[in-house]
**Q** 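Attaching a single structure in structure tokens format; questions to follow.
Computation of the quantities below employed the complete heavy-atom set of this structure, encompassing side-chain atoms and omitting hydrogens, waters and symmetry-equivalent molecules.
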Amino acid sequence: ILPDYYDIILLPISLSTIKESITKGLYTSLYHCYTDLLIMCINAKTYNEPHTEIYDMSVEILNAIKKHMTSTKMADKSLRTAVNSQYEFIDYVPDQKRINFNDDMFVDFWNMFCQAVCRCNKSGRPITSAFLRLPDIEVLPLYYKEVKNPISLCGIRSKIIDCKYEDIMDLTEDITIMCNNAIQFNTKSSVISKDAVNLKDFVNSLAQAYIKEEKDLTVPEMKPTGSATKVGEK
């Protein structure tokens with residue numbers, strides 16, 4: 001029905017998949033479920049044009065999720081804030097710079113970026129909150145003395161929107177640099193350092209999967225048919 005959907009959406013998630021995960025007890029945290037719902041709605045907004053029925057429905061679902069996160073008594077405030085920040089961060093694309101989502105390269109970049117921002121650990125805790133923006137230089141001046149190439153997810157998002165990346169590996173390199181900065185500056189046993197390792201490994205695995213898929217889709221070069229004339233033959 002939608003032959004290009006799986007080419008555009010790298011991490012497809014449906015309500016039936018989420019329902020099955022709930023039934024089988026696969027979610028270790030309420031926030032892990034929230035994140036899957038978030039990705040599902042972002043997928044819908046990525047694939048469908050604004051103001052279409054499915055696009056508008058995804059917006060309504062997102063609003064319902066945010067409302068539920070705010071009202072539920074089970075929700076830990078810090079985790080609730082983290083998940084909400086994920087949505088607000090991904091959903092922001094300046095209207096004057098909005099790029100046509102029919103652009104295959106942009107869609108590839110945006111899909112990887114959204115998956116990175118939505119990354120959770122095994123317990124369902126969002127791990128990217130510390131990477132959304134760079135530290136305040138007045139609060140943490142030492143960071144800018146030790147880290148020679150500071151970059152955040154906010155800066156990476158801007159580079160995607162401004163079409164600064166030539167391929168997936170360029171994007172992967174920036175995210176890897178960002179994670180390595182965190183690993184360098186923080187102690188090995190710190191939560192931020194462990195989150196950075198998790199995120200770096202995850203993004204590199206996405207990049208490798210993308211490269212493999214591109215190779216599989218590459219049409220093999222056609223070899224000439226018939227026998228070629230050898231040197232010296234008449």
Side-chain angles (χ1 to χ4, degrees), residues 11 29-32 34-35 38-39 42 62 65-66 69-70 75-99 106 109-207:
L11 187 62
S29 161
L30 180 61
Y31 290 92
H32 202 170
Y34 279 147
T35 301
L38 172 64
I39 294 172
I42 294 297
L62 283 169
I65 294 169
K66 291 169 68 178
M69 283 195 301
T70 303
D76 175 84
K77 185 178 180 181
S78 61
L79 287 176
R80 184 171 70 237
T81 301
V83 176
N84 192 54
S85 295
Q86 286 179 325
Y87 164 63
E88 297 292 348
F89 194 79
I90 293 172
D91 196 51
Y92 168 76
V93 181
D95 290 338
Q96 68 269 25
K97 293 185 178 179
R98 185 173 290 278
I99 297 173
F106 176 79
F109 294 157
W110 197 249
N111 261 300
M112 176 178 281
F113 178 74
C114 288
Q115 290 182 63
V117 174
C118 288
R119 180 66 173 168
C120 291
N121 65 6
K122 292 181 179 180
S123 66
R125 177 181 61 80
I127 67 170
T128 53
S129 298
F131 307 105
L132 296 182
R133 293 171 180 82
L134 288 172
D136 188 327
I137 192 169
E138 294 183 0
V139 176
L140 203 60
L142 182 61
Y143 181 85
Y144 295 92
K145 292 181 179 180
E146 295 190 6
V147 175
K148 304 305 179 183
N149 188 9
I151 189 169
S152 67
L153 287 172
C154 185
I156 291 169
R157 178 183 63 184
S158 295
K159 290 178 72 172
I160 294 173
I161 294 171
D162 293 336
C163 302
K164 299 294 185 182
Y165 294 116
E166 293 187 4
D167 54 41
I168 283 292
M169 292 314 298
D170 282 348
L171 172 58
T172 304
E173 182 179 357
D174 265 1
I175 296 176
T176 299
I177 290 171
M178 179 191 72
C179 293
N180 285 338
N181 289 344
I183 295 168
Q184 171 195 336
F185 186 76
N186 298 277
T187 60
K188 186 176 180 180
S189 60
S190 67
V191 173
I192 293 178
S193 184
K194 291 178 180 178
D195 287 346
V197 172
N198 184 327
L199 182 60
K200 182 173 73 169
D201 290 346
F202 175 66
V203 169
N204 276 276
S205 68
L206 287 179

**Q** Do Lys159 and Asp170 make a side-chain contact, defined as non-hydrogen atoms from C-beta onward lying under 4.5 Å apart?
**A**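 No. Closest side-chain heavy atoms not under 4.5 Å.
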
**Q** Of the non-hydrogen atoms in Tyr143 and Pro150, which two are nearest, and what is the gap between them?
**A**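 Tyr143 and Pro150 have their closest heavy atoms at CE2-CB, 4.0 Å.
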
**Q** How long is the gap from CZ on Phe131 to SG on Cys179, to the nearest 0.5 Å?
**A**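 Atom-to-atom, Phe131:CZ and Cys179:SG are 5.5 Å apart.
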
**Q** For the atom pair CD1 (Ile156) and CD (Glu173), what is the distance rounded to the nearest 0.5 Å?
**A**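 Output value for this atom pair is 10.5 Å.
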
**Q** For Asp201, what residues pass the side chain to side chain contact (heavy atoms under 4.5 Å, CB included) criterion, not counting sequence neighbours?
**A**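 Applying side chain to side chain contact (heavy atoms under 4.5 Å, CB included) to Asp201 gives Val197.
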
**Q** Quick one: side chain to side chain donor-acceptor pair (under 3.5 Å) pairs with a partner in residues 181-197, sequence neighbours left out?
**A**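 Every side chain to side chain donor-acceptor pair (under 3.5 Å) pair that includes a residue of residues 181-197, provided the two are not neighbours, is Arg125-Asp195.
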
**Q** Within this structure, what is the CG-CE distance for the pair Leu206 and Met112, rounded to the nearest 0.5 Å?
**A**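 Going from CG on Leu206 over to CE on Met112, the span is 5.0 Å.
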
**Q** Checking Asn149 now: which residues fulfil side chain to side chain contact (heavy atoms under 4.5 Å, CB included) with it, not counting sequence neighbours?
**A**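 Asn149 satisfies side chain to side chain contact (heavy atoms under 4.5 Å, CB included) with Ile177 once adjacent residues are dropped.
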
**Q** Kindly state each residue pair satisfying salt bridge (Lys or Arg N to Asp or Glu O under 4.0 Å) with at least one member in residues 140-149, sequence neighbours excluded.
**A**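 Output for this query is empty, none listed.
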
**Q** Taking side-chain hydrogen bond (donor to acceptor under 3.5 Å, both in side chains) as the definition, give me every residue that meets it alongside Tyr165, ordered by chain and number, with sequence neighbours left out.
**A**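 Tyr165 satisfies side-chain hydrogen bond (donor to acceptor under 3.5 Å, both in side chains) with Asp174 only.
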
**Q** With sequence neighbours left out, write down each residue that passes side chain to side chain contact (heavy atoms under 4.5 Å, CB included) with Ile137, or none if nothing qualifies.
**A**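 Scan of Ile137 (side chain to side chain contact (heavy atoms under 4.5 Å, CB included), adjacent residues dropped) gives Tyr144.
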
**Q** Testing the basics here: between Leu153 and Phe113, what is the closest heavy-atom pair and its distance to 0.1 Å?
**A**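 Between these two residues, the closest heavy atoms are O-CE1, 3.5 Å.
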
**Q** Where the side chain of Asp167 meets the backbone of Met169, is there a donor-acceptor pair that is under 3.5 Å apart?
**A**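 Here the side-chain-to-backbone pair exists.
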
**Q** Could you list the residues that satisfy side-chain hydrogen bond (donor to acceptor under 3.5 Å, both in side chains) with Thr176, not counting sequence neighbours?
**A**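 So Thr176 forms a side-chain hydrogen bond (donor to acceptor under 3.5 Å, both in side chains) with Asn204.
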
**Q** Would you sort out whether Leu140 and Phe185 count as a side-chain contact (heavy atoms from CB on, under 4.5 Å), showing the intermediate values?
**A** CA-CA 11 Å; Leu140 203 60; Phe185 186 76; 3.8 Å; yes

**Q** Please enumerate all residues that pass side-chain hydrogen bond (donor to acceptor under 3.5 Å, both in side chains) together with Asn180, with sequence neighbours excluded.
**A**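 Counting only residues at least two positions away or on another chain, Asn180 forms a side-chain hydrogen bond (donor to acceptor under 3.5 Å, both in side chains) with Lys200.
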
**Q** Could I get the full list of side chain to side chain contact (heavy atoms under 4.5 Å, CB included) partners for Ser152, not counting sequence neighbours?
**A**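 Residues passing side chain to side chain contact (heavy atoms under 4.5 Å, CB included) with Ser152: Leu134, Cys154.
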
**Q** Kindly indicate, with the supporting measurements, whether the criterion side-chain contact (heavy atoms from CB on, under 4.5 Å) is fulfilled by Val117 and Arg157.
**A** CA-CA 10 Å; Val117 174; Arg157 178 183 63 184; over 6 Å; no

